[in-house]
Amino acid sequence: MSPTVTANADLDTAVAEARGAYVAARPKSKALHEEAAKVLPGGNTRTVLFYEPFPTVMERGAGARLWDVEGHEYLDLLGEFTAGIYGHSDPTIRAAIDGALDNGVNLASHGANEPKLARLLLERFPSLERVRFTNSGTEANLMALALATAFTGRRQVMVFAGGYHGGVLTFGGGTGGKVNVPHDIVLAPYNDAETSVRMIREAGDKLAAVLVEPMLGSGGCIPGEAAFLQALRATTRETGALLILDEVMTSRLGPGGRQAALGVVPDLTTLGKYIGGGMSVGAFGGRADIMDLFDPRRPDALPHAGTFNNNVLTMAAGVAGLSKVFTPEVSLALNARGDRLRERLNALGEARGAAFQATGLGSLLTLHPMRGPIRTPADAAKADSRLRDLLFFELMARGYYLARRGMIALSLPVTDAELDGLVEAVGDILDTHRTLFTA
Ligand SMILES: Cc1ncc(COP(=O)(O)O)c(C=O)c1O
């Protein structure tokens, strides 16, 4: 593929041209989408993957590369929304999964790997004294909230506008809330310590938990400020509400997640994504006195079910990944690479005076076609969505696969040379559409 869009003084025309080039290059994806739409609503079974006019259908991946059904090759910058940290064919992970398959799946028993994976997590994340596994990050948050209400005997849960904790725990506005689980929700403003502290105190002994992402991931890679997260920690201690850090995405941002980096140790932590070596996974854990409510030896034990909670493929891949591949040193190196990339991308925007910046931390970034500080989802919403579309189609045309909303999650096999190429491509896009990005 090569970029076919020319400089254009009008944004709508430029987007239409870029979209036209996207469609013209993907007849097979289009046909597959039309067939899929006959049996799946909108041809889709995972909302985040859908975009207009139709999503690109990928056929295979290897390392940090993807090939779509037309045979176009891409650098995979999306990294399965952070779950794909190991890339598509890490030999160590592959060997672990092969080994598990050799011993048979669905054993319906305790296995030797789940305590190993639990131990690896406990060694990393300061808040974890006990952990339990689930099938997804969503389920981990559902269980953590259920546990918090059971432990405290309280009903209310505080979350933040723009937060995302799973398909039934979404607080970004729009129709998302219609499928949310019916918790008694108190919605507070992200990165606003003063208001949040006041709201926690007002809720007092009604508030069971505060659930927060240390960085809004789906909400645009907007880091939680240290003072904000520290204030949540201190105030929940005062009122007896549990602080739950959703580190489903952010745990990869350092050897001990954001909690270690910030010194904010929550009562409970939720995890997911890469911790199962790329297989379906979630986990929740924290203080032993809270988590031990699940100890089945207790007469008052809470149940925690799930056919696939300890499925052998996830457990084996997770152990191999954390013990042999994504070691603390590798985590530091990957996140340093992401920091360098963000700095270079931001320098491009600044040098051109363009409406373009990259937010995030370490290996997680979101490209925003706008100037000015981004501290809240409302700030990010000021970007012109047409420029977002133009950036997306133009990067796809140059062989860079990322989220439609501009999110990038670096995986381990991505090289510096490939990131040089990305920086060049972004510079080229900003130059080609200079008038539109500097308007
Ligand atoms: C912060 C956060 N929490 C929870 C989830 C839900 O995880 P899953 O998609 O595995 O259910 C996500 C997924 O993107 C997430 O980003």
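Ligands are counted one by one from 1 in listed order, and the atoms in each one are counted from 1 as well. If you read the sequence from its start, that first residue is 1, and numbering goes on from there.
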Contact with ligand 1 for Phe81, non-hydrogen, under 4.0 angstrom: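 Outside the 4.0 Å threshold, so no.
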Ligand-side contact atoms (ligand 1) for residue partner [X], heavy atom cut-off under 4.0 Å:
X: Gly137; value: 6 (C), 7 (O), 8 (P), 10 (O), 11 (O)
X: Asn141; value: 3 (N), 4 (C)
X: Met249; value: 14 (O), 16 (O)
X: Glu213; value: 1 (C)
X: Asp246; value: 1 (C), 2 (C), 3 (N), 4 (C)

More than 12 heavy atoms of other residues, nucleotides or ligands under 6.0 Å from CD of Glu123: yes or no?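 Yes, CD of Glu123 has more than 12 neighbouring heavy atoms, counting only those of other groups under 6.0 Å.
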Are Phe171 and Tyr190, when compared by the centres of their aromatic rings, separated by less than 6.0 Å?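 No, ring centres 6.0 Å or more apart.
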Checking side-chain polar atoms at under 3.5 Å, does Thr92 have a donor or acceptor matched by the opposite partner on Tyr86? no
Going by atom types only, do Arg405 and Thr366 share a side-chain donor-acceptor pair under 3.5 Å?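 No, Thr366 and Arg405 have no side-chain donor paired with an acceptor closer than 3.5 Å.
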CE (Met215) and OG1 (Thr359) are apart, to the nearest 0.5 Å, by 7.5 Å
Measure Lys273 to ligand 1 on non-hydrogen atoms and call it side chain, backbone, both or neither using the 4.0 Å cut-off.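 Only the side chain of Lys273 comes within reach of ligand 1.
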Within the 4.0 Å heavy-atom cut-off, what Val248 brings close to ligand 1 is side chain
Would you check if Leu245 and Arg258 make a side-chain contact, meaning some heavy-atom pair closer than 4.5 Å?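 Of all side-chain heavy-atom pairs linking Arg258 with Leu245, none is under 4.5 Å.
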